[in-house]
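Structure first, then comments.
Atoms considered below: every heavy atom in the structure, side chains included; atoms not considered: hydrogens, waters and symmetry mates. Bear in mind the structure is a predicted one, so any value in this text is a computation, not a measurement.
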Amino acid sequence: MNQDHLYASLEPVGHLPNIFLVADGMGGHRAGDYASSCAVETILEDAESCEEEDAARILARAIRRANDVIAYRAGEDERLAGMGTTVVAACIRRGELIAANVGDSRLYVIRDDSIEQVTEDHSLVQEMVKYGGINKEEARVHPNKNIITRAVGLEQELQVDCFRRALRPGDRVLLCSDGLTDMLEDEQIRWIIDKKRDVRSAAHALVKAANDNGGRDNIAVIVIDPFT
């Protein structure tokens, strides 16, 4: 069952000039699938109607709205109890990246020979890395690496992290679920994107490489060239 959902639009959504979304659901039966699709749908609806003009505030408000809707529907239907989802959302306006996230789906900026993870995982192992319990290499193979500490639909008062980055010609932006990052190291991701001339072939190559390495989970990938 695919519990990942993604959405990409180069057209405006409300006051956003464009929008890119990846959500990775969790929950039994079909609850995870429902949670991620509900998050994407609610974020788009809320962004479309929002009168706010600041992109970060639009994204954060829309994600919090998705949190409320998912929690409400889980309370109405016992088959959906305990469902939740990660979300990473982004838009690009006049050469600036604006992003927001909850959970461990990620956003990267690839520039020249470097790759930067812009978002921060809300996960148990990330907390352990942050406070010196383990290093990043140990975190990748830790048995509890998929335990997240913050999710959309499971929080009474959801905290949404927001980020801004200035972009330059030649940069690539990647949004992905952990189905990709559990299978590929950051440097492998950078190398694959760097070797592909267009974003479509880069996205397909990333999915293929993750599947070739084991492909233990659903893989959602959006690759963006901000200046084309």
Side-chain angles (χ1 to χ4, degrees), residues 3-27 31-77 80-109 117-123 126 148-167 173-178 220 222 224 226:
Q3 296 192 332
D4 288 2
H5 277 79
L6 57 78
Y7 182 87
S9 174
L10 298 177
E11 299 301 318
V13 177
H15 289 292
L16 297 177
N18 45 63
I19 192 167
F20 309 93
L21 300 167
V22 168
D24 180 2
M26 66 202 75
D33 172 69
Y34 185 89
S36 57
S37 62
C38 179
V40 169
E41 177 184 330
T42 304
I43 289 168
L44 292 172
E45 289 177 353
D46 195 78
E48 182 69 50
S49 63
C50 184
E51 294 301 319
E52 175 69 59
E53 294 190 3
D54 180 82
R57 292 180 180 177
I58 295 170
L59 293 175
R61 189 190 104 147
I63 293 171
R64 286 194 292 268
R65 174 61 179 161
N67 180 73
D68 295 343
V69 171
I70 292 169
Y72 174 79
R73 294 183 182 175
E76 291 288 292
D77 187 340
L80 302 177
M83 69 175 175
T85 184
T86 71
V87 169
V88 57
C91 76
I92 297 168
R93 172 179 283 160
R94 295 187 291 274
E96 182 183 39
L97 170 72
I98 303 98
N101 86 295
V102 174
D104 63 354
S105 293
R106 296 179 179 177
L107 184 146
Y108 291 89
V109 172
Q117 180 183 335
V118 175
T119 55
E120 181 175 312
D121 295 351
H122 303 134
S123 67
Q126 178 58 35
I148 64 173
T149 55
R150 197 188 307 174
V152 178
L154 297 177
E155 313 289 333
Q156 188 168 13
E157 297 290 336
L158 182 66
Q159 179 182 347
V160 181
D161 292 350
C162 294
F163 307 87
R164 296 179 184 269
R165 291 291 187 278
L167 299 172
V173 177
L174 168 68
L175 290 78
C176 62
S177 63
D178 66 352
I222 299 174
I224 308 161

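Using a 4.5 Å cut-off on side-chain heavy atoms (C-beta onward), Val13 and Ile58 make no contact. In this structure the side chain of His122 reaches within 4.5 angstrom of the side chain of Asp161, judged on heavy atoms. Between Ile148 and Met26 the shortest side-chain heavy-atom distance falls below 4.5 Å. Between Leu158 and Arg150 there is a side-chain heavy-atom pair separated by less than 4.5 Å. The closest side-chain heavy-atom distance from Leu59 to Ile19 is below 4.5 Å. Counting heavy atoms from C-beta outward, His5 and Asp33 have side chains that approach closer than 4.5 Å. Counting heavy atoms from C-beta outward, Pro226 and Leu97 have side chains that stay 4.5 Å or more apart.
Note that OG1 of Thr86 is 10.5 Å distant from CD of Gln3, once rounded to the nearest 0.5 Å. For the atom pair SG (Cys50) and CZ (Arg65), the distance works out to 12.5 Å, reported to the nearest 0.5 Å. In this structure, CZ in Arg61 is found 12.5 Å from CD1 in Ile63, a value given to the nearest 0.5 Å. Distance check, rounded to the nearest 0.5 Å: CG of Leu21 to CG of Leu44 gives 5.5 Å. The line from OH of Tyr108 to CZ of Arg165 is 13.5 Å long, rounded to the nearest 0.5 Å. The distance from the CD atom of Gln156 to the CG atom of Asp68 is 10.0 Å, given to the nearest 0.5 Å.
Of the possible polar contacts, none joining the Glu155 side chain to the Glu157 backbone as a donor-acceptor pair under 3.5 Å is found. Without hydrogens or angle criteria, Asn18 side chain to Ile92 main chain gives a donor-acceptor distance under 3.5 Å.
Considering Val109, Asn101, Leu107 in turn, Asn101 is the only one that fulfils the side-chain contact (heavy atoms from CB on, under 4.5 Å) rule with Phe163.
Annotation for Arg57: atom CZ does not count as buried by contact number, only 12 or fewer foreign heavy atoms lying within 6.0 Å.
Pairing each heavy atom of Ala8 with each of Phe20, the nearest pair is CB-CD2, 3.7 Å. Closest heavy-atom contact between Ile43 and Ala66: CG1-CB, 4.1 Å. When every heavy atom of Cys91 is checked against every heavy atom of Ala55, the shortest pair comes out as SG-CB, 3.7 Å. Closest non-hydrogen pair, Ala100 versus Val160, comes out as CB-CG1, 3.8 Å. In terms of heavy-atom proximity, Leu154 sits nearest to Gly82 at CD2-O, 3.7 Å. Nearest heavy atoms, Ala47 versus Ala62: N-CB, 4.3 Å.
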Checklist entry - Can Arg164 and Glu96 be said to form a salt bridge (Lys or Arg N to Asp or Glu O under 4.0 Å), step by step? => result CA-CA 7 Å; Arg164 296 179 184 269; Glu96 182 183 39; 3.5 Å; yes
Checklist entry - Can you list the steps and then say if Asp4 with Ser177 is a side-chain hydrogen bond (donor to acceptor under 3.5 Å, both in side chains)? => result CA-CA 7 Å; Asp4 288 2; Ser177 63; 2.8 Å; yes
Item to check | Worked check of side-chain contact (heavy atoms from CB on, under 4.5 Å) between Asp178 and Asp121 | outcome: CA-CA 10 Å; Asp178 66 352; Asp121 295 351; over 6 Å; no
Item to check | From CA spacing to verdict: side-chain contact (heavy atoms from CB on, under 4.5 Å), Arg73, Met83 | outcome: CA-CA 9 Å; Arg73 294 183 182 175; Met83 69 175 175; 4.2 Å; yes
